[in-house]
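Indexing begins at 1, ligand by ligand and atom by atom, following the structure's order. Side chains are part of it too, since the values below use all heavy atoms of this structure and drop only hydrogens, waters and symmetry mates.
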Amino acid sequence: MSSATKIIAIDGPVGTGKSTVAKEVARRMGFAFLDTGAMYRAATWRALHLGLSLDDAPALAESTRAMKLEICENENGQQVLVDGHDVTDAIRTPEITKLIYKLDQEPAVRRHLVALQQSFGEMQPTVAEGRDIGTVVFPKAKCKIYLDASVDVRAERRALQMEEKGMTVDRDQLKADIADRDHKSMTRADSPLRQAEDAILVDTSHLTIEEVVERLLSLARERL
Ligand code: DC
């Protein structure tokens, strides 16, 4: 049996609840969880940490290939180590979020990270989430889901998350940032964000996390 039968591929733009939902589906199915965004974040952190120019494509590729990346999921959540440094929080800063697009459009960077993601999926049943999982990383996956929601709903969710952390939020700015990230992900030349032809669209705008999880679990059971 090919490992493609044991992959649940979840794609979609920022703020659709992808990570939360993917993690919970993985837990309930007993599958491993692969957060591919964390890998692009880690590679961006490393390049900045080394003082590389994010416009220097060969240096970015070289740095990504040399990166020693460890991602562990445990009861306290996810821990990300780059070359032994704990960067769990550092890769989630607004600065990194804003600059990732410089690195995630580099084909050599993507090739390397995609190969790592594929070998992870070969080793165990996996729920993988990102932007190109159903189109590029696991095109043969039997269960592909594309999560979407309106920009207004996604911005509001993100605002509430930030406010919970005590941050002050400019909602108009947040909405503009999300629309800008959508545009960059969807229009890049290499592996743009799009729904795979055989992916099922789930609009999460008016669904709770639990409703989305239930829907994905029933799709996964039907298809795998
Ligand atoms: O899911 P996230 O916000 O942590 O992802 C961070 C960035 O990484 C996102 O802006 C686009 C990029 N990314 C990508 O290009 N391909 C993936 N498979 C996952 C993320």
Original post:
Salt bridge check: are E95 and K98 linked by an N-O gap of less than 4.0 Å?
Top reply: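 Not counted as a salt bridge, because no side-chain N and carboxylate O are separated by less than 4.0 Å.
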**OP:** State plainly whether the residues K23 and E73 are in salt-bridge range, i.e. N to O under 4.0 Å.
**Re:**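 So K23 does not pair with E73 through a salt bridge.
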Original post:
L69 and side-chain contact (heavy atoms from CB on, under 4.5 Å): which partner among V87, L81, V80, D83?
Top reply: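 It is V80; the other options fail the test.
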**OP:** Output yes when a side-chain donor or acceptor of T126 lies under 3.5 Å from a complementary backbone atom of I7, and no otherwise.
**Re:**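 Here the side-chain-to-backbone pair does not exist.
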**OP:** Check whether any side-chain N or O of R154 sits under 3.5 Å from a backbone N or O of V14 as a donor-acceptor pair, and report yes or no.
**Re:**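 Here the side-chain-to-backbone pair exists.
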**OP:** Could you check R157 against S205 for side-chain hydrogen bond (donor to acceptor under 3.5 Å, both in side chains), going step by step and ending with a plain yes or no?
**Re:** CA-CA 10 Å; R157 283 180 186 155; S205 300; 5.8 Å; no
Ligand 1: which protein N/O atoms lie under 3.5 Å from its N/O atoms?
{"residue": "ligand 1", "atom": "1 (O)", "partner": "R131", "partner atom": "NH1", "Å": "3.0"}
{"residue": "ligand 1", "atom": "3 (O)", "partner": "R41", "partner atom": "NH2", "Å": "3.1"}
{"residue": "ligand 1", "atom": "3 (O)", "partner": "R131", "partner atom": "NH2", "Å": "3.4"}
{"residue": "ligand 1", "atom": "3 (O)", "partner": "R181", "partner atom": "NH2", "Å": "3.0"}
{"residue": "ligand 1", "atom": "4 (O)", "partner": "R41", "partner atom": "NE", "Å": "2.8"}
{"residue": "ligand 1", "atom": "4 (O)", "partner": "R41", "partner atom": "NH2", "Å": "3.4"}
{"residue": "ligand 1", "atom": "10 (O)", "partner": "R181", "partner atom": "NH2", "Å": "3.1"}
{"residue": "ligand 1", "atom": "15 (O)", "partner": "R110", "partner atom": "NH1", "Å": "2.8"}
{"residue": "ligand 1", "atom": "15 (O)", "partner": "R110", "partner atom": "NH2", "Å": "3.4"}
{"residue": "ligand 1", "atom": "15 (O)", "partner": "R188", "partner atom": "NH1", "Å": "2.9"}
{"residue": "ligand 1", "atom": "15 (O)", "partner": "R188", "partner atom": "NH2", "Å": "3.1"}
{"residue": "ligand 1", "atom": "16 (N)", "partner": "R110", "partner atom": "NH2", "Å": "3.0"}
{"residue": "ligand 1", "atom": "18 (N)", "partner": "T36", "partner atom": "OG1", "Å": "3.0"}
{"residue": "ligand 1", "atom": "18 (N)", "partner": "R131", "partner atom": "N", "Å": "3.2"}
{"residue": "ligand 1", "atom": "18 (N)", "partner": "D132", "partner atom": "OD1", "Å": "2.8"}

